[in-house]
Structures are given as structure tokens and as C-alpha cells.
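Data first, discussion second: the structure below is written as C-alpha cells.
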Amino acid sequence: MGHAEATQGTDSALIVRHAPRGPASAAIITLHGGSELNHRAARPWQLAALRMHPVLRAAAGTASRDVLLGRVRYRHRGWNDGDPADDTLRALDELRRRAGDAPTILVGHSMGGRAALRCASHPLVRGVLALAPWCPPQDSARHLDGVRLVFLHGDQDRVTPLAESADYVRRAREAGAAAGMVLVGGGDHAMLRRVGDWHRATAEIVGQMLRGEAEAEGLAAQACAAEGAVRL
């Protein structure tokens with residue numbers, strides 16, 4: 001990954017890390033974390049952005065070579081007035097111009113999870129994997145009818161409240177989403193404790209979403225069918 005990134009302009013919201021030689025059968029797009037208020041320019045060497053590199057590699061582990069891999073490039077480091085969500089919508093529109101109607105999985109961490117959930121009703125989006133997402137109670141879930149989403153959240157997260165993620169999953173289900181939560185025992189916000197389990201779960205869930213699996217097999221299906229959280 002990386003050869004396609006060097007050829008893109010600085011005004012693009014979609015950074016392609018791997019471009020298939022032929023038509024893309026699907027796409028996996030990552031969205032990194034940030035802060036609540038920060039208008040400084042986002043940079044690719046920020047720790048939040050760097051943390052998503054191995055996450056994208058893990059997500060791509062079960063994907064074929066004709067799946068496009070990329071990330072959203074934010075204008076700013078903070079949420080501010082929904083800036084990362086606006087950037088994500090621009091990236092999805094760029095993706096459609098480039099790859100047509102390729103079904104897309106959004107993988108967002110923290111603030112990136114919030115942006116992914118905000119944009120989950122975009123026509124390209126097949127599913128959302130939200131990693132330790134920031135889900136403030138004022139964020140609506142009413143737009144999620146028919147969307148498939150899975151939350152991965154550590155029970156030792158001291159940054160984004162686990163209770164708010166659980167409440168968002170509940171509200172998403174009420175809105176008609178196929179939604180569930182996987183709890184990483186001992187997991188922290190940075191996804192460094194039990195890092196292998198975070199990455200393996202990411203690979204499994206994204207693979208299931210790409211295949212459109214709806215049966216009661218696999219981690220994604222189990223989470224969406226469970227009454228509460230599935231524990232790793």
C-alpha cells in the first residue's frame with residue numbers, strides 16, 4: 001500500500017492506499033481520531049492517523065486484490081462543526097467518481113467512528129465498523145435504517161464512554177439498523193492493549209461485511225443478534 005497515495009492532489013478528501021488494476025469490487029475506507037475542537041490542519045504523521053495504518057492492513061487481510069483501500073483526509077484535527085463528517089462525504093463522492101457503486105465499508109476510530117456513523121446512510125456504504133467510537137447522546141441514529149454496523153469497544157476505555165456506545169447501538173436498532181457491539185476485555189482507547197485481538201476482530205468483521213453475510217455465523221452476525229455485547 002502507498003503507491004497510489006503519492007499521486008493524489010492535496011485537495012482530495014480520499015487518499016487511496018491500494019488501487020486495483022481493474023474495476024474495484026468493493027472499498028474499505030478508514031477514518032482516524034481527533035479532538036473535539038481543533039482547527040489546525042490535519043497531518044498524516046499524527047499518532048491518530050498512524051494508528052490506523054495497521055488497522056487498514058488488518059481490515060484488508062481477508063479482502064481480495066480488487067478491493068480498493070483508502071483513508072479519509074481531514075482538513076482539520078478537530079470535530080468542530082462536523083468537519084470530519086463533511087470530509088467523509090466528499091471522500092465518498094470522490095470514491096463513487098473513481099470506482100462507481102463499489103460497496104464500501106467504513107472503519108472509524110474515536111472521532112472517525114463518529115464521522116463514519118454520521119455518513120452511514122450514504123448510498124455506497126454497506127457497513128460501518130466503529131472502533132472505540134465517540135457517540136455523544138445528541139447524535140441521532142434515525143438515519144440508520146437498513147445499515148449494518150458493529151462497535152468494537154474496550155471495557156477499559158477512559159476516553160469515549162462505553163455506555164454511550166451501548167446507547168447508540170440501542171437507538172440504531174430502534175431505527176432499523178442491524179447493529180451490535182463487541183467488547184474487548186481489558187481494551188483501551190488507543191487499541192494497544194490486546195492489539196492482536198483488535199486487529200483480528202477487525203479483519204473478521206470487515207470480511208463478513210464485505211461478503212454481505214447475514215446468517216448467524218461469525219462475529220458480526222453474533223454481535224448483531226445478541227441481546228447485549230459479545231465479549232472477546
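Below, each value reflects all heavy atoms present in this structure, side chains not excepted, and no hydrogens, waters or symmetry copies.
The aromatic ring centres of H109 and H32 sit 6.0 Å or more apart.
A salt bridge links E174 to R170: one of the charged nitrogens lies within less than 4.0 Å of a carboxylate oxygen. Salt-bridge annotation for D86 and R90: absent, with no side-chain N of the basic residue lying under 4.0 Å from a carboxylate O of the acidic one. Using a 4.0 Å cut-off between a side-chain N of Lys or Arg and a carboxylate O of Asp or Glu, R231 and D155 qualify as a salt bridge. Remark: D139 engages R118 in a salt bridge, criterion side-chain N to carboxylate O under 4.0 Å. The existence of a salt bridge linking R158 and D188 is excluded, since no basic side-chain nitrogen approaches an acidic carboxylate oxygen closer than 4.0 Å.
Note that the CD1 atom of I15 and the CZ atom of R73 stand 3.5 Å from one another [nearest 0.5 Å]. Rounded to the nearest 0.5 Å, atoms CE (M111) and CG (N38) are 9.0 Å apart.
Annotation: side chain of C135 is not in contact with side chain of D167 (no heavy-atom distance under 4.5 Å). Side-chain contact between D83 and Y74 is absent, with no heavy atoms from C-beta onward closer than 4.5 Å. In this structure the side chain of P133 never reaches within 4.5 angstrom of the side chain of S110, judged on heavy atoms. Between W198 and L152, the closest side-chain pair of non-hydrogen atoms falls below 4.5 Å. You'll find the side chain of R96 reaches within 4.5 Å of the side chain of D101, heavy atoms only.
A search for side chain to side chain contact (heavy atoms under 4.5 Å, CB included) contacts involving A58 returns H199, not counting sequence neighbours.
Side-chain contact of D93 with H122: a donor-acceptor pair under 3.5 Å is present, judged by distance alone. Counting only N and O atoms by type, the side chains of E94 and S12 include a donor and acceptor under 3.5 Å apart.
The one candidate from T88, I29, I105, L92 that meets the side-chain contact (heavy atoms from CB on, under 4.5 Å) condition with V125 is L92. Of the residues listed (V182, L131, V169, V128), the one engaging V150 in a side-chain contact (heavy atoms from CB on, under 4.5 Å) is V182, and it is the only one.
Taking every heavy atom of both residues into account, A166 and M181 meet most closely at N-CE, 3.3 Å.
The local environment of CZ in R142 is sparse, with at most 12 non-hydrogen atoms from other residues, nucleotides or ligands closer than 6.0 Å. In Q138, the CD atom is crowded: over 12 heavy atoms of neighbouring residues, nucleotides or ligands sit closer than 6.0 Å.
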